[in-house]
Amino acid sequence: MKQKLTALLSHAIENMKENAILPKDSVVQIIIERSRDAAHGDFACSVALSLAKSAKLPPRQLAAHIVAALPNDEMVLNVELAGPGFINFFVDPFAHLQVIKQIHEQTTAFGLSTVGVGKKIQVEFVSANPTGPLHVGHGRGAAYGSALANLLQAVGYEVHREYYVNDAGRQMDILATSVWLRYLEQCGEHFVFPSNGYRGEYVREIAQQIWQASGKDYQHSAAQVFAGIPLDESKAEEGGQIGDKEAHIDGLILRAKELLGLDAYVHVFNEGLATILADIKDDLLAFGVAYECWFSERQLLTDGSVEQALSRLRSAGFLYEQEGAVWFASSQLGDEKDRVVVRENGQHTYFASDIAYHMNKLDRGFEQIIDIWGADHHGYIPRVKAAMRALGADDAKLTVLLVQFATLWRGKEKVSMSTRSGEFVTLRQLRNEVGIDAARFFYVMRRSDQHIDFDLKLATSKTNENPVFYVQYAYARVCSVLRQLDEKGWVRDSEQGMAQLARLTETHELALIGTLARYPEVIERSAAQYEPHQLTQYLRELAHEFHTYYNAHQFLVDDTMLRDARLNLICAVKQVLANGLGLLTISTPESM
RNA sequence: GCGCUUGUAGCUCAACCGGAUAGAGCACCAGCCUUCUAAGCUGGGGGUCGCAGGUUCGAGCCCUGCCAAGCGCACCA
């Protein structure tokens, strides 16, 4: 309908250009909005206001010209001038009713669009280091990323969901070393665990696995392990050494490699990586998140991609050496300062593999590359964009979406999430406590760049405070009505219902139909603006209108004509709720 | 100190890429179950859109300054 009105308006404006009411060179963008107020008709347009200046006519007068030039259309009942120069359209109610037929015909395809057809788009999200289980912070990225990916797919894009696995680098070495040290404890060695090591219980479990499989094959004495290692930093109550925790752990990593030898070290390393990665995959899958690709950072190092990326930067003249390190001159490309890509000790920085990774993304031919990062990484954006430009690409291809942290609450009490305290909540714990549906809905209910307070108590509550159940309940109610219909021994005649749609004249019904008709626009806008929260907002609204309708009118009336028409309407509601919740990977219970 | 993000009802948040009288939920108050699930519905009070300027027909949205909060400013990831 919007498209039709746009066509009518542009026709009128072309006409006016020919009649020299409007200058021929004036550029117009016709935007049709749905009227908020029913008194303003169904649709509204403000072109007259924006064109007034170039036309050198008062807006209202110009609007009158446009209306006069507007071709007739049987769908448009009335056109009114209002306010400073708005053009309001009143559409034939019969046209609105058609959406019910459309929904019944298209079922799960209703709301899909083709704006993205033929375009490849990549969404990389979560990408947490495989050094421990996912926590609730990652959950938001997971829910947001997968909802966004689903939305993009719904509007036609060929979507590629990807998880970048940081399976190389110092953090992984720290994990491997932590595992090994826990293993040594298992073997009966005694020592003070490094303050910078990974202390989670899962590290012990991995150590246990290795111990059970290989016995004491990897054992070395604590004295041997710690000999000559720089002092650790520790608190007064633990002995009060004033050492350097970074130097301490780095020393231990080197020692682990020396004592174990490369093969054995890699074995321990891989055992940790594989176990944690399997756990993450399992966790995400249970959360309803599936990827097309798990991309390994290590692969970029072993297959020469990093070297290749650096040599491309070098030949483009963006690399230089200073103080023994290799620098990328990103400040020439919008970054605030230059960045090291190869450290003095010869090791690549994380940034170096990130450059290679984005080069790889570009080479795979995506029209759009979307990275979803935690908000704390925002400072990283300029350097990655700089890298893309240095590689000769348009940095507009990359969109970095930031996800703010969620603060966890249990009622009025804030839940501490510090890793140290050990009481941080994992995504798995969250799932178990509040369930997938509530968790996912809460995560995407708000704009991603907005902080959210996640109240565990609210998410689990089965009251009207909980928006998830509110929407699901609407769905369940429709199912319940259909069950009642069956129990009464009545049969629904969908075809008759379609023939009787004109019987739907109640204001509740008209409002509901209008909301149903908006669904495809909501999907398109949510996808285009990368804002799944618009969909959750819409679903709450649709549910609300349904509940209102439910309370105001009986569906299972004796008048079969009216009954069938109403049942067709509520079945359309059911379908749209299912489609919308489906995009968010939230279940649709038939009874609650 | 510099940069990014954000300031909307008591609380948590929306507002259709500049439009008409800024909307929901929660909380609070008053009502609705012999009728398809009350996890629901109806009504009510509640706002200088952080502050001050500017841009224009028109600003919560755009620009500038200030105030406040969060996050960044490594040869860490």
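Remember, it's a predicted structure, so these values are computed and weren't measured experimentally. In the text below, chain A, chain B and the rest are named by the order of the sequence lines, each starting its count at 1.
- When the C1' atom is used for both B/rU12 and B/rA52, the distance is 29 Å, rounded to whole Å.
- A close approach under 4.0 Å does not occur between any side-chain nitrogen or oxygen of A/Q537 and OP1 or OP2 of B/rC16.
- The distance between the ring centers of A/H533 and A/Y144 does not fall below 6.0 angstrom.
- When the C1' atom is used for both B/rA38 and B/rG45, the distance is 24 Å, rounded to whole Å.
- At the heavy-atom level, A/H553 lies under 4.0 Å from base atoms of the strands shown.
- B/rG47 and B/rC57: their P atoms are spaced 32 Å apart (whole Å).
- Nucleic acid contact for A/A476: base, since at least one base atom lies under 4.0 Å from a heavy atom of the residue.
- Between A/Y470 and B/rC41, a side-chain N or O to OP1/OP2 separation shorter than 4.0 Å is present.
- Taking atom P on both nucleotides, B/rC11 is separated from B/rU48 by 12 Å, rounded to a whole Å.
- Mapping A/V342 and A/L402 onto RNA chain B by nearest heavy atom places A/L402 at the nucleotide closer to the 5' end.
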Item checked: Worked verdict on A/F441 versus A/I436 for side-chain contact (heavy atoms from CB on, under 4.5 Å) -> CA-CA 8 Å; A/F441 198 90; A/I436 303 170; over 6 Å; no
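- Here A/R343 reaches the OP1 or OP2 of B/rC76: one of its side-chain N or O atoms lies under 4.0 Å away.
- For the pair A/M592 CE and B/rG40 P, the computed distance is 9 Å after rounding to whole Å.
- Going from the C1' atom of B/rG50 to that of B/rA69 covers 11 Å, rounded to whole Å.
- Each of B/rG25, B/rA77, B/rU37 was ranked by its minimum atom distance to the side chain of A/Y350; first place goes to B/rA77.
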Margin query: What does the B/S/- profile of nucleotides 67-74 of chain B look like, 5' to 3', with a 4.0 Å heavy-atom cutoff to protein?
Written below: ---SBSSS
N/O contacts under 3.5 Å, protein versus nucleotides 19-21 of chain B?
{"unit_1": "B/rG19", "atom_1": "N7", "unit_2": "A/S46", "atom_2": "OG", "d": "3.2"}
{"unit_1": "B/rA20", "atom_1": "OP2", "unit_2": "A/R36", "atom_2": "NH1", "d": "2.7"}
{"unit_1": "B/rA20", "atom_1": "N6", "unit_2": "A/N88", "atom_2": "OD1", "d": "2.6"}
{"unit_1": "B/rA20", "atom_1": "N1", "unit_2": "A/N88", "atom_2": "OD1", "d": "3.4"}
{"unit_1": "B/rA20", "atom_1": "N1", "unit_2": "A/N88", "atom_2": "ND2", "d": "3.2"}

Notebook entry, point to check: For A/L401 and A/W373, what are the C-alpha separation, side-chain angles and deciding distance, and is it a side-chain contact (heavy atoms from CB on, under 4.5 Å)?
Noted result: CA-CA 6 Å; A/L401 299 172; A/W373 297 349; over 6 Å; no
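- Contact annotation for A/S591: base contact, defined as any heavy-atom pair under 4.0 Å involving a base atom.
- The interatomic distance linking A/M172 (CE) with B/rC76 (C1') rounds to 15 Å, in whole Å.
- Closest to the A/E531 side chain, of the nucleotides B/rA15, B/rA77, B/rG25, is B/rA15.
- For B/rC75, neither phosphate oxygen OP1 nor OP2 lies less than 4.0 angstrom from any side-chain nitrogen or oxygen of A/T349.
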Next item on the list: In sequence, state the C-alpha distance, the side-chain angles, and the governing distance for A/Q472 and A/V468, and then conclude on side-chain contact (heavy atoms from CB on, under 4.5 Å).
Entry: CA-CA 6 Å; A/Q472 289 180 321; A/V468 193; 4.0 Å; yes
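- With both ends at atom C1', the span from B/rC33 to B/rA39 equals 14 Å, rounded to whole Å.
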Note to self: Could you write out RNA chain B as dot-bracket? Rules: Watson-Crick or G-U wobble, both distances under 3.5 Å, brackets [ ] for crossings, | for pairs with another strand, dot for unpaired.
What the structure shows: (((((((..((((.....[...)))).(((((.......))))).....(((((..]....))))))))))))....
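- B/rA39 atom P lies 5 Å from atom OH of A/Y473, rounded to whole Å.
- With rounding to whole Å, A/Q534 atom CD is found 9 Å from B/rA14 atom C1'.
- Separation of atoms CG (A/D338) and OH (A/Y320) is listed at 3.5 Å; rounding is to 0.5 Å.
- The aromatic ring centres of A/H547 and A/Y470 sit less than 6.0 Å apart.
- At a cut-off of 3.5 Å, with distance as the only test, no side-chain donor of A/E531 or A/S526 sits close to an acceptor on the other residue.
- For A/H508 and B/rU42, the NE2 to C1' distance is 9 Å, given to the nearest whole Å.
- Nucleotides B/rC63 and B/rU56 place their P atoms 15 Å apart, quoted to the nearest Å.
- Within the nucleic acid shown, A/T548 comes within 4.0 Å of sugar-phosphate atoms alone, with no base atom in reach, counting heavy atoms only.
- Relative ring orientation between A/Y538 and A/Y519 is described as tilted, the plane-to-plane angle lying within the 30° to 60° band.
- The side chain of A/N551 has B/rG40 as its nearest neighbour among B/rC36, B/rG40, B/rA77.
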Check: side-chain hydrogen bond (donor to acceptor under 3.5 Å, both in side chains) between A/Q534 and A/Q537: does it pass, once the steps are laid out?
Finding: CA-CA 5 Å; A/Q534 293 192 21; A/Q537 208 79 16; over 6 Å; no
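- Here the shortest heavy-atom pairing between A/N88 and A/A44 reads OD1-CB, 3.3 Å.
- The side chain of A/R170 places no N or O atom within less than 4.0 Å of a non-bridging phosphate oxygen (OP1 or OP2) of B/rC75.
- In this structure, A/R446 reaches the bases: a heavy-atom distance under 4.0 Å links it to at least one base atom across the strands shown.
- Side-chain atoms of A/R447 lie closest to B/rA14 of the nucleotides B/rA14, B/rU37, B/rU42.
- In this entry the base of B/rC71 is anti relative to its sugar, with a glycosidic angle more than 90° from 0.
- Atom CG in A/N166 sits roughly 9 Å away from atom P in B/rA77 (whole-Å rounding).
- Between A/Y357 and the choices A/Y164, A/Y350, A/F351, the ring-ring contact (aromatic ring centres under 6.0 Å, His included) rule is met once, by A/Y164.
- Between A/Q171 and A/T131, the side chains place no donor N or O within less than 3.5 Å of an acceptor N or O (distance only, hydrogens not considered).
- In this structure, the ring of A/F90 has its center no less than 6.0 angstrom from the ring center of A/F43.
- Toward the 5' end of RNA chain B, the nearer of the two residues A/Q171 and A/E590, judged by each one's closest nucleotide, is A/E590.
- Whole-Å rounding puts the A/D564 CG to B/rC36 P distance at 20 Å.
- Taking atom NE2 of residue A/H138 and atom P of nucleotide B/rA77, one finds them 16 Å apart after rounding to whole Å.
- Comparing B/rG54 with B/rC13, their P atoms are spaced 33 Å from each other, to the whole Å.
- Judged by distance alone, the side chains of A/E506 and A/Y549 never bring a donor and an acceptor atom under 3.5 Å apart.
- Residues A/G374 and A/L402 come closest through the heavy atom pair O-CD2, 3.9 Å.
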